[in-house]
Amino acid sequence: MATFLYRLGRLAFRRRRFVLLIWIAVLAAVGIGAGSVSGSTTDNFTLPRTQSQQAIDLLEKEFPQASASGATARVVFEAPDGRSLASSPHRAAVDSLVAGLKTAPHVATVSDPFTSGLVSESGTIAYAQVTYAVPVADVTPAVSDTLRDIAEQGEHAGLTVSLGGNAVLDEEGSRAAELIGLVVAAFALVITFGSVVAAGLPLLSAIFGVGVALSAITIVSSFVDMASNAQTLALMLGLAVAIDYALFIVSRYRGELRNGHAPEEAAGRALGTAGSAVVFAGLTVIVALAGLSVIGIQMLTAMGLAAAFAVTVAVLVALTLLPATLGFTGTRLVNGRFAGRRTKAAEGGRRVTMGVRWGRFVTRHPWKVLLASVVGLGVLAIPALSLRLTLPDDSMASPGSTQRVAYDTLSKGFGPGFSGPLTVVVDARASDDPRAAAEDTSRVLGRLGDVAAVRPPVFNRTGDVALITAVPDSSPTSEATVRLVADIRDRSGALEKGSGAQLMVTGTTAVNIDVSGKLGDAMVPYLAIVVGLALILLLLVFRSVLIPVKAALGFLLSVAATLGVLVAVFQWGWLKGLFGVDETAPVVSLLPILLIGVVFGLAMDYEVFLVSRMREEYVHGAGPTEAIITGFRHNARVVTAAAIIMISVFAGFLLDDVALVKSIGMGLASAVLFDAFVVRMTIVPALMTLLGHRAWALPAWLDRVLPDVDVEGGKLRDTLAAREEAGGTPAPRDHEPAAALVR
């Protein structure tokens with residue numbers, strides 16, 4: 001692989017104009033394509049083999065007029081100054097708005113607040129339930145715009161009107177998070193390289209990669225259901241890994257220039273060494289993200305595949321466009337105007353770098369450093385023992401948004417459980433007395449402790465399937481509501497035994513509980529798959545048994561500590577004001593699985609980039625400790641810069657108002673912080689010091705079986721050295737040797 005990438009780097013360098021034109025053409029093509037389609041996103045779930053999905057399927061068959069799988073909206077009305085909505089002008093306004101809802105596009109049914117009992121006891125709050133004939137995936141912006149127009153009409157009539165439900169599409173949010181992340185990344189790159197030109201290349205790569213990836217995802221979203229947060233995750237990872245991968249290759253290119261190689265040769269060598277690490281690091285991220293599809297939840301599959309595609313584009317950009325742009329800069333990357341004397345001295349080998357000093361400190365005190373790091377991460381992981389999962393609902397919407405106002409208004413008027421009613425389905429087709437079975441179920445539900453209200457059964461046309469709505473006392477995300485759903489389902493056996501009827505619970509709250517349960521059950525198997533993959537890949541890369549094992553254990557520590565931080569901030573509310581968390585709630589159920597996939601890939605990035613240089617030195621005769629110090633000398637500064645950039649990009653999303661995006665940003669930023677600085681740059685060298693030569697041991701039989709992928713480019717370096725001794729590889733004619741330009 002190293003030899004192939006060496007040739008690819010030199011080819012892209014020589015044919016730089018052609019390569020650049022190809023990428024510009026690709027970006028233009030997908031950009032035009034994205035602008036000509038109307039991509040749509042959804043958070044709709046289909047959960048085969050779950051009770052909630054079985055109930056939805058039955059309702060679709062027996063209650064087609066209810067559109068059980070259709071989109072829904074709630075239009076919430078509140079009278080001003082505590083007045084009654086039953087008063088003449090206010091009731092007339094509500095009736096007019098409800099009539100307008102009935103004629104809106106794709107509307108199947110609209111419940112009238114006054115005839116359906118959807119008015120609060122105080123008479124100040126009411127709502128109309130709107131059911132659409134199309135699923136959430138087919139809801140167009142025009143549908144949401146119609147709802148907003150009706151809400152605006154209500155405001156003009158003196159009412160406070162807010163909107164909730166999955167038919168209300170989010171308005172376009174701010175891009176401040178991305179901009180802040182890019183600004184911090186640019187600053188870190190300038191500090192690292194001391195050169196605006198060198199700093200600009202990773203940013204240019206990131207812009208190209210993200211532009212192509214997001215445009216392509218937009219095109220795909222017009223043909224398939226795409227999760228609403230798929231583009232956000234693709235943007236996060238696309239920016240972060242594109243900058244990181246370019247950073248490693250540019251840093252190696254500068255090093256090759258300082259070693260006296262001509263620019264084209266330096267580009268080939270940089271891609272043959274650092275490029276190999278980029279390929280394997282990118283592959284681990286791609287496989288981990290694509291592996292999310294095995295869980296069987298469409299939303300998670302879409303997010304994983306979209307992010308994996310963004311990482312794939314980032315790798316392709318790093319291997320082709322980046323060496324082409326190096327051809328336009330030549331030797332200007334070596335001497336930066338903004339490099340201070342300390343930086344120049346460190347790069348010229350005249351000063352001991354901070355990375356070397358840290359490496360020496362760790363190798364002198366391995367036991368103390370190891371214990372402090374493991375204990376510290378262990379303490380941070382303690383809150384993860386209290387992890388609870390949920391799906392985002394309107395209670396997690398942005399403060400001040402119409403969805404959040406609607407949720408808070410309904411909770412004020414009807415109680416916290418009103419926004420998450422349970423739909424209890426009584427399948428009495430095998431019962432001798434279906435009506436009695438449904439009425440018995442209704443009475444049982446009314447006697448349960450956490451049920452605030454039970455509405456009378458509604459039967460299908462044949463009278464053998466009933467639909468009962470139960471309103472919990474507690475909020476949809478509370479632990480009490482989870483226990484209530486389990487309690488109702490536990491009574492199904494007794495009902496079926498006594499009357500032959502089957503009882504099922506569905507509705508948004510029950511679906512969320514089933515999704516969270518499925519994701520929680522999938523976490524350990526998925527973690528086992530990811531860890532097993534890490535062991536195999538790192539075994540191939542480093543040809544060692546113990547290094548993959550300690551890499552996997554370090555990854556588990558990072559994940560546990562990150563989950564602990566998420567629980568402490570988002571579930572317990574510690575420092576929530578500092579991070580802009582408006583309301584505590586269980587951790588979003590998608591996040592732990594997503595975090596495992598993403599953090600695994602990022603952890604392997606730093607493991608490959610840092611340890612591959614150590615192996616490169618070790619196989620060329622350096623002792624174990626000396627190899628560690630040399631690895632820090634060459635890569636610690638770049639790994640530190642890469643981690644800071646990635647943390648900055650992710651942390652920028654803490655400024656987003658959406659709780660899910662905010663939690664993803666904090667989770668990924670914390671994971672990179674722990675994994676890069678505590679695990680890879682502290683625990684890893686401490687363990688390797690204690691293991692000594694055993695860290696690199698590989699049984700002879702396994703050494704014969706495993707293919708030699710040569711990630712560190714050792715064979716390439718030997719081949720090129722032999723060629724130089726034989727008088728080959730002349731410097732390209734259009735450039736001077738870079739060594740002459742280095743002071």
Side-chain angles (χ1 to χ4, degrees), residues 8 11-12 15-43 136-145 169-179 181-182 185-186 200-243 245-246 282 286 289-290 298-299 301-325 327-328 649 653 656 661:
L8 177 63
L11 177 64
R15 301 287 185 263
R16 47 190 174 272
R17 291 179 179 83
F18 179 69
V19 173
L20 180 59
L21 285 175
I22 288 178
W23 276 106
I24 291 175
V26 170
L27 180 59
V30 294
I32 293 171
S36 61
V37 300
S38 56
S40 61
T41 60
T42 178
D43 290 329
V136 178
D138 294 333
V139 172
T140 62
V143 171
S144 189
D145 291 342
L169 303 181
D170 291 327
E171 296 178 315
E172 187 67 26
S174 168
R175 292 297 183 189
E178 295 93 314
L179 293 177
L182 280 175
L201 293 184
L203 292 176
L204 179 65
S205 299
I207 292 170
F208 260 93
V210 168
V212 170
L214 292 186
S215 297
I217 291 170
T218 301
I219 294 173
V220 172
S221 68
S222 65
F223 301 102
V224 300
D225 291 346
M226 185 66 66
S228 60
N229 289 297
Q231 286 196 346
T232 300
L233 182 64
L235 177 61
M236 282 184 185
L237 288 179
L239 277 177
V241 301
I243 293 174
Y245 295 164
I286 292 165
L289 290 170
Q298 190 273 337
M299 179 181 178
T301 299
M303 293 179 71
L305 292 179
F309 176 72
V311 175
T312 302
V313 174
V315 172
L316 293 176
V317 167
L319 299 181
T320 55
L321 179 61
L322 183 59
T325 55
F328 291 103
V649 171
F653 287 85
D656 200 291
V661 176

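For the single chain, residues carry numbers from 1 onward in sequence order. Keep in mind that the numbers below use all heavy atoms, side chains included, and drop hydrogens, waters and symmetry copies.
- Of all the heavy atoms in Ala290 and Ala308, the pair that sits closest is N-CB, 4.2 Å.
- The two residues Ala206 and Ile243 make their nearest non-hydrogen contact at CB-CG1, 3.6 Å.
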Original post:
For Leu316 and Trp23, what are the C-alpha separation, side-chain angles and deciding distance, and is it a side chain to side chain contact (heavy atoms under 4.5 Å, CB included)?
Top reply: CA-CA 10 Å; Leu316 293 176; Trp23 276 106; 4.2 Å; yes

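- In terms of heavy atoms, Phe309 sits closest to Ala213 at CE2-CA, 3.7 Å.
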Original post:
Where do Leu322 and Tyr245 land on the side chain to side chain contact (heavy atoms under 4.5 Å, CB included) test, with the steps shown first?
Top reply: CA-CA 10 Å; Leu322 183 59; Tyr245 295 164; over 6 Å; no

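- Taking the side chain to side chain contact (heavy atoms under 4.5 Å, CB included) definition, one finds that Ile32 meets it with nothing, sequence neighbours left out.
- Taking a 6.0 Å sphere around CZ of Phe18, one finds it holds 12 or fewer heavy atoms contributed by other residues, nucleotides or ligands.
- For the atom pair OG1 (Thr320) and CG (Leu20), the distance works out to 10.5 Å, reported to the nearest 0.5 Å.
- In this structure, Val241 and Ala314 approach most closely via the heavy-atom pair CG2-CB, 3.7 Å.
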**OP:** List the steps, then state whether side chain to side chain contact (heavy atoms under 4.5 Å, CB included) holds for Leu305 with Leu289.
**Re:** CA-CA 6 Å; Leu305 292 179; Leu289 290 170; over 6 Å; no

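- Taking all atoms of both residues into account, the shortest heavy-atom contact from Ala310 to Ala234 is CB-O, 3.6 Å.
- Considering every non-hydrogen atom in both Thr218 and Gln231, the closest pair reads OG1-NE2, 2.8 Å.
- Counting only distance, with no hydrogens or angles, the side chain of Ser215 and the backbone of Val212 share no donor-acceptor pair below 3.5 Å.
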